[in-house]
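The structure under discussion appears below in the form of structure tokens.
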Number of protein chains: 2
Amino acid sequence: MSLRNAVLAALINREASGYELAKQFHVSVANFWTATSQQLYRELDKMETDGLLSARVVAQERRPDKRLFSLTEAGRAALTDFTRQDPRPTTVRDELLVQIEALAHADVASVRSSIESRIASSGRRLESYEQRLAEILNGRTEEEFLATGNRIGPYLTLQRGIIFERENLTWGRLALTVLSRRFPTSG
Amino acid sequence: MSLRNAVLAALINREASGYELAKQFHVSVANFWTATSQQLYRELDKMETDGLLSARVVAQERRPDKRLFSLTEAGRAALTDFTRQDPRPTTVRDELLVQIEALAHADVASVRSSIESRIASSGRRLESYEQRLAEILNGRTEEEFLATGNRIGPYLTLQRGIIFERENLTWGRLALTVLSRRFPTSG
DNA sequence: CGCCGATACTAAACTTGTTGCATAGGTGCT
DNA sequence: AGCACCTATGCAACAAGTTTAGTATCGGCG
């Protein structure tokens, strides 16, 4: 039932196909929720059945048809309802941190290169979030935007994502420094 | 299979009962993995069957017996093996951020109080992480510890948790400021 | 000309994770 | 005396999420 709310939130500003949502749930939305395309298609069908979404089929040239989903009144009401509930505590799952916790029994070279990959992917994420932030600000300063802008919600969640990825970079560099000091590469 | 690795990592330094692990998976380990007690008991049984853990029953006075689990050689080997694998990307699930993303259709008063709860719980977490950090440092400066200490892994994962909760506090206060500005409380 | 990758979706099997209930004595508060 | 909460585990049912496969068309690359 939680994915459902994330989908409702993702459809506030524009209609989208399952395919588009799947991509989004791997980039921007990934900041606070993730889902595979299979989960999404299944959930979208159920949500349509439950009257939270309406779908329209759009025929395309040289492409399969797509179904664009948008919120119904019931969908918007369900969303408001959800914002009244107590949110569950954040859950984080990070296999890299499990590997680090297990450092005493780890293959250090392998862990080191996993940290490097993490730094790289956080860098890419950070770039894409910052680009999306620039789109939301749309030329205004943060000051101007906060006084008058109308996408405050997405602005705040993006800020959280940006902070998170920046701290991933800082932490990753710290971890590499510590490792190179305590487990020097031979040579 | 992922919970399994988190359990192995949690048992590196000491044996523990299912009950103790369950508590730990709600405090320190919660930093990078979470699990309910039911999940743990089921997984511990399977891991014992698979030879990764050995259990010994300890009779107690005025308490039910408990089973203390510890790593076997096969368990340690499985852990090392896991550190050689590519860690999956971090997944974050945060209902509060979903509610914020939906701000345009939200019950703002309710969301505001959810942010306040989040600030409170992040504060509590931060305190308990900092206490655990002090235990690990055990009187040494970070400099001394990093040069000679032997629980580098837990130190690094704790650092990540501390940073995360600090940023939760910073972000929460930002969010409250923005909300009070754009949705002033009547009166 | 054959292969890869993107678009767009569907289906089914499988693994994980959550919730509710049950057992059973102990401690601590009012 | 009664209630809530802690220790310590287990089972069953259900909800949620993952994996693996498949359909079909197009554009670009070498």
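Just so it is clear: chains get the letters A, B, ... in the order the sequence lines come, proteins before strands, and each one is counted from 1. In this text, all values refer to a predicted model and were calculated from it rather than measured experimentally.
Nearest to the side chain of B/Thr36, among C/dA6, D/dT9, C/dT19, sits C/dT19.
Rounded to an integer number of Å, the gap from CD of B/Glu20 to P of D/dA8 is 7 Å. Protein atom CG of A/Asp45 is 13 Å distant from nucleotide atom P of C/dA12, rounded to whole Å. Rounded to whole angstrom, the span from the CG atom of B/Leu40 across to the P atom of D/dG10 amounts to 12 Å. The interatomic distance linking A/His26 (NE2) with D/dG17 (C1') rounds to 12 Å, in whole Å. Rounded to a whole Å, the CG atom of B/Leu44 is 13 Å from the P atom of C/dG17. In this structure, A/Arg67 places its CZ atom 19 Å from P of C/dT7, rounding to the nearest Å. Protein atom CZ of A/Phe69 is 13 Å distant from nucleotide atom P of C/dA8, rounded to whole Å. Distance, B/Trp33 CH2 to C/dT18 P: 11 Å, rounded to whole Å.
Among the atoms of the strands shown, base atoms are found under 4.0 Å from some heavy atom of A/Arg42. Across all strands shown, B/Lys23 has heavy atoms under 4.0 Å from sugar-phosphate atoms exclusively, and none from any base. Using a 4.0 Å heavy-atom criterion, one finds that A/Ser17 contacts the sugar-phosphate atoms exclusively.
Regarding contacts with the backbone of C/dT19, a side-chain N or O of A/Arg88 is found under 4.0 angstrom from either OP1 or OP2. Note on B/Tyr41: a side-chain N or O is less than 4.0 Å away from OP1 or OP2 of D/dT9. Here B/Tyr19 does not reach the OP1 or OP2 of D/dT9: none of its side-chain N or O atoms lies under 4.0 Å away. Within the 4.0 Å cut-off from OP1 or OP2 of C/dG17, at least one side-chain nitrogen or oxygen of A/Arg93 is found. Considering only side-chain N and O atoms, B/Gln39 lies under 4.0 angstrom from the phosphate OP1 or OP2 of C/dG17.
Mapped onto DNA chain C by nearest heavy atom, B/Gln38 and B/Lys46 fall at different nucleotides, with B/Lys46 at the one closer to the 5' end. With DNA chain D read from its 5' end, the first of the two nearest nucleotides for B/Thr91 and B/Ser37 is the one closest to B/Ser37.
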task: Please step through salt bridge (Lys or Arg N to Asp or Glu O under 4.0 Å) for the pair B/Glu143 and A/Arg181, ending with a clear verdict.
output: CA-CA 12 Å; B/Glu143 196 38 46; A/Arg181 184 160 168 188; 3.0 Å; yes

message: Set out, in order, the CA-CA distance, both residues' side-chain angles and the distance that settles salt bridge (Lys or Arg N to Asp or Glu O under 4.0 Å) for B/Arg56 and B/Glu15, then state yes or no.
response: CA-CA 10 Å; B/Arg56 64 187 186 95; B/Glu15 56 182 5; 2.5 Å; yes

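With A/Leu11 as the partner, the side chain to side chain contact (heavy atoms under 4.5 Å, CB included) test is satisfied by one option alone out of A/Leu53, A/Leu79, A/Leu52: A/Leu53.
Between B/Arg124 and B/Glu165 there is no salt bridge, since none of the side-chain N atoms of the basic residue sits less than 4.0 Å from a carboxylate O of the acidic one.
By the 30° and 60° cut-offs, the orientation of the rings of B/Phe145 relative to B/Tyr155 is tilted.
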